[in-house]
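Proteins get letters first, then strands, A, B, ... in listed order; numbering begins at 1 in each.
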2 protein chains.
Amino acid sequence: MVKQKYRALGMQDNPKNVCACLAIRKAARAVTQFYDSYLQSFGLKPTQHSLLLAAYFADGITISDLAHFMVMDRTTLTRNLKPLEKDGLLIVNPEQDRRAKKIVITRKGVTLLKKMTPAWESAQQELNRRIGSTKFGQVLEDMSYIVDAIYW
Amino acid sequence: MVKQKYRALGMQDNPKNVCACLAIRKAARAVTQFYDSYLQSFGLKPTQHSLLLAAYFADGITISDLAHFMVMDRTTLTRNLKPLEKDGLLIVNPEQDRRAKKIVITRKGVTLLKKMTPAWESAQQELNRRIGSTKFGQVLEDMSYIVDAIYW
DNA sequence: TCAAGATACGTGCATATACACTTATAATAG
DNA sequence: CTATTATAAGTGTATATGCACGTATCTTGA
């Protein structure tokens with residue numbers, strides 16, 4: 001087993017010496033794959049589901065503002081919106097300020113989002129069950145705390 | 001401010017209803033960008049630094065085994081190794097089992113890794129300082145726990 | 001008013017990520 | 001001993017990520 005053979009990859013007995021960047025990226029990959037297994041039958045990846053959700057709750061938000069909320073480079077968001085636009089789930093429209101563009105969810109987007117909600121809830125609840133409700137809540141808080149700690 | 005205007009993106013007052021996948025991916029992006037600001041002058045991204053570190057501590061590990069440790073698709077790892085190979089930091093060699101390949105760090109790779117260590121430590125310590133030692137340790141544990149909860 | 005700076009966005013480039021499919025090699029069952 | 005199955009890896013395709021750079025528009029100061 002990998003765990004036995006390459007324990008050294010943990011590097012130190014002191015877990016504080018494990019690279020936090022590596023640790024969180026590994027967990028992010030695992031969680032993404034987990035949620036994807038629940039959402040994939042709807043044709044949306046977890047990232048796309050999150051974007052569509054944002055377009056629903058913050059209808060009319062600009063690209064820059066959403067990028068800021070997503071802790072994502074603006075140019076990344078511009079490209080991530082493309083597949084959703086292509087599928088007619090949302091539209092990117094000009095603003096009054098002609099430099100800016102606002103993101104608007106379509107009826108098709110809303111319908112898909114609502115259809116996906118039970119699957120998303122299943123993923124969320126199953127992960128909650130597996131790691132325990134207390135830890136689950138703590139991790140959600142900590143993730144938000146980390147983002148704030150880095151950018152403020 | 002985005003925070004004020006689009007509070008709805010948090011969706012609910014109950015933080016448990018925040019998507020865990022979104023939360024951890026946001027944090028992963030933030031942490032990656034943070035570490036990148038410390039490592040970029042050496043020409044390696046955080047992911048590449050982690051891979052090189054793995055090649056150092058688990059010298060001779062196969063692609064599949066390292067992919068498993070990294071919680072990464074094997075084909076992703078294959079491609080992620082390319083830039084490091086191109087820069088002569090590691091070599092991918094055939095095994096006795098001719099299906100497999102082992103990853104071997106080069107002297108150049110070791111040298112670079114050691115040169116980067118103080119910068120990596122600065123990032124690690126500064127993040128530790130910003131979120132507090134207790135929470136820092138807890139998050140590292142939790143990330144590992146989540147990976148185990150998903151794959152076991 | 002209008003030139004300088006600030007803001008919002010897009011493109012080129014390189015890397016990161018994973019699934020579906022294919023190829024090559026090893027192990028095993030009959 | 002061979003046919004089947006299992007394992008290790010690579011490629012094609014599509015999306016995800018961010019930096020450097022450029023364009024268009026708005027704001028502001030002289």
Side-chain angles (χ1 to χ4, degrees), chain A residues 2 21-22 24-37 39-41 43-52 60-68 70-87 89 92-103, chain B residues 2 21-22 24-37 39-41 43-52 60-68 70-87 89 92-103:
Chain A
V2 177
C21 185
L22 174 57
I24 199 169
R25 287 184 67 92
K26 280 168 64 170
R29 284 191 287 265
V31 171
T32 301
Q33 288 162 27
F34 181 76
Y35 276 71
D36 190 46
S37 70
L39 303 181
Q40 64 178 353
S41 61
L44 285 193
K45 294 175 181 298
T47 311
Q48 298 173 333
H49 177 256
S50 295
L51 286 183
L52 197 55
I61 193 172
T62 67
I63 291 181
S64 286
D65 281 351
L66 182 53
H68 183 244
M70 295 287 287
V71 191
M72 185 183 283
D73 191 89
R74 180 187 50 75
T75 66
T76 299
L77 178 58
T78 294
R79 290 178 225 256
N80 288 1
L81 290 171
K82 288 288 163 60
L84 298 174
E85 239 186 320
K86 181 168 58 72
D87 291 346
L89 302 172
V92 180
N93 278 330
E95 271 267 21
Q96 295 89 331
D97 182 338
R98 287 185 302 169
R99 291 171 300 182
K101 291 184 175 179
K102 60 184 171 189
I103 301 162
Chain B
V2 177
C21 185
L22 174 57
I24 199 170
R25 286 183 67 92
K26 280 168 65 170
R29 284 192 287 266
V31 172
T32 301
Q33 287 162 27
F34 182 76
Y35 276 71
D36 190 46
S37 70
L39 303 181
Q40 64 178 353
S41 61
L44 285 193
K45 293 173 181 299
T47 311
Q48 299 172 332
H49 177 257
S50 295
L51 286 183
L52 197 55
I61 193 172
T62 66
I63 290 180
S64 285
D65 282 351
L66 182 54
H68 183 244
M70 295 289 286
V71 192
M72 185 183 281
D73 191 87
R74 180 188 49 74
T75 66
T76 299
L77 178 57
T78 295
R79 289 178 224 254
N80 288 0
L81 289 172
K82 289 287 162 60
L84 298 174
E85 239 187 320
K86 181 169 57 74
D87 290 346
L89 302 171
V92 180
N93 278 330
E95 271 267 20
Q96 297 87 332
D97 181 338
R98 288 185 300 167
R99 292 171 300 183
K101 291 185 172 178
K102 60 185 173 188
I103 301 162

Student: Just the rounded figure in Å: distance from C1' of D:dT17 to CE of A:Met72.
Tutor: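 Atom-to-atom, A:Met72 to D:dT17, this comes out as 8 Å.
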
Student: Closest to the B:Thr62 side chain: D:dA9, C:dG10, D:dG18?
Tutor: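 Out of D:dA9, C:dG10, D:dG18, the nucleotide with an atom closest to B:Thr62's side chain is D:dA9.
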
Student: Can you find a side chain N or O atom of B:Ser64 that sits less than 4.0 Å from OP1 or OP2 on D:dA9?
Tutor: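 For D:dA9, OP1 or OP2 has a side-chain N or O of B:Ser64 closer than 4.0 Å.
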
Student: Round to a whole Å and report the spacing from CE of B:Met70 to P of C:dT17.
Tutor: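 After rounding, the reported distance stands at 7 Å.
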
Student: Any N or O donor-acceptor pair linking the side chain of A:Arg74 to the base of D:dG18 at under 3.5 Å?
Tutor: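 Side chain to base: no pair below 3.5 Å.
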
Student: Below 4.0 angstrom from OP1 or OP2 of C:dT15, is there any side-chain N or O of B:Asn80?
Tutor: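 B:Asn80 to C:dT15 OP1/OP2: no side-chain N or O under 4.0 Å.
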
Student: Distance check, rounded to the nearest 0.5 Å: B:Lys101 atom NZ versus B:Thr62 atom OG1?
Tutor: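 Between atom NZ of B:Lys101 and atom OG1 of B:Thr62 there are 12.0 Å.
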
Student: How long is the line joining CG of A:Leu66 and P of D:dT17, in whole Å?
Tutor: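 That distance rounds to 12 Å.
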
Student: Distance check needed: D:dT17 C1' versus A:Lys82 NZ, whole Å only.
Tutor: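 To the nearest whole Å, that distance equals 15 Å.
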
Student: Identify, residue by residue, the members of residues 93-102 of chain A with a heavy atom below 4.0 Å from DNA chain C, and return them in order of residue number, or none.
Tutor: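 The stretch gives A:Arg99, A:Ala100, A:Lys101 as the residues lying under 4.0 Å from the strand, ordered by number.
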
Student: Return yes if the base of D:dG18 and the side-chain atoms of A:Thr76 contain a donor-acceptor N/O pair under 3.5 Å, otherwise no.
Tutor: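 Side chain to base: pair present.
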
Student: By nearest nucleotide on DNA chain D, pick out whichever of A:Lys45 and B:Ala30 is the more 5' one.
Tutor: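 The residue closer to the strand's 5' end, by nearest nucleotide, is A:Lys45.
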
Student: Establish, with yes or no, whether the OP1 or OP2 oxygen of C:dC9 is under 4.0 angstrom from a side-chain nitrogen or oxygen of A:Thr78.
Tutor: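 Result: no.
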
Student: Around atom NZ of B:Lys26, are there more than 12 heavy atoms of other residues, nucleotides or ligands at under 6.0 Å?
Tutor: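 Count over threshold, so yes.
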
Student: To the nearest 0.5 Å, what is the distance between CG (A:Leu52) and CG (A:Leu84)?
Tutor: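 Rounded to the nearest 0.5 Å, the CG-CG separation comes out at 6.0 Å.
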
Student: Under 3.5 Å, is there any donor-acceptor pair linking the side chain of B:Arg79 to the base of D:dG10?
Tutor: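 There is none.
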
Student: Compare all side-chain heavy atoms of A:Val92 with those of A:Thr78 and state whether any distance is below 4.5 angstrom.
Tutor: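 A:Val92 does not reach A:Thr78 side chain to side chain.
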
Student: Any heavy-atom pair between the side chains of A:Met70 and B:Leu22 that's under 4.5 Å?
Tutor: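 Touching, per the 4.5 Å side-chain cut-off.
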
Student: Please work out if A:Gln48 contacts a base, only the sugar-phosphate, or nothing of the nucleic acid, heavy-atom cut-off 4.0 Å.
Tutor: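 Here A:Gln48 touches the backbone only, sparing every base.
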
Student: For B:Leu81 and C:dA18, what is the distance between atoms CG and P respectively, to the nearest whole Å?
Tutor: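 For the pair B:Leu81 CG and C:dA18 P, the rounded distance is 14 Å.
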
Student: Using whole Å, what does the distance between atom C1' of nucleotide D:dT11 and atom CG of B:Leu77 come to?
Tutor: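 From B:Leu77 CG to D:dT11 C1': 16 Å.
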
Student: Tell me the interatomic distance from B:Lys86, atom NZ, to C:dA16, atom P, rounded to whole angstroms.
Tutor: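 Result: 11 Å.
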
Student: Check the pair B:Leu89 / B:Leu44 against side chain to side chain contact (heavy atoms under 4.5 Å, CB included), numbers first and verdict last.
Tutor: CA-CA 11 Å; B:Leu89 302 171; B:Leu44 285 193; 4.0 Å; yes

Student: Is any side-chain heavy atom of A:Met72 closer than 4.5 Å to a side-chain heavy atom of A:Leu66?
Tutor: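 Heavy-atom side-chain distance check fails, nothing below 4.5 Å.
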
Student: Just wondering, do B:Ile63 and B:Leu81 contact through their side chains at under 4.5 Å, heavy atoms?
Tutor: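 Yes, close enough: below the 4.5 Å cut-off.
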
Student: Taking atom types as they are modelled, is there a donor-acceptor pair under 3.5 Å from the base of D:dC19 to the side chain of A:Thr75?
Tutor: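 In this structure, the two groups form a donor-acceptor pair.
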
Student: Roughly, in whole Å, what's the span from CG in B:Asp87 to P in C:dA14?
Tutor: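 Between P of C:dA14 and CG of B:Asp87: 13 Å.
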
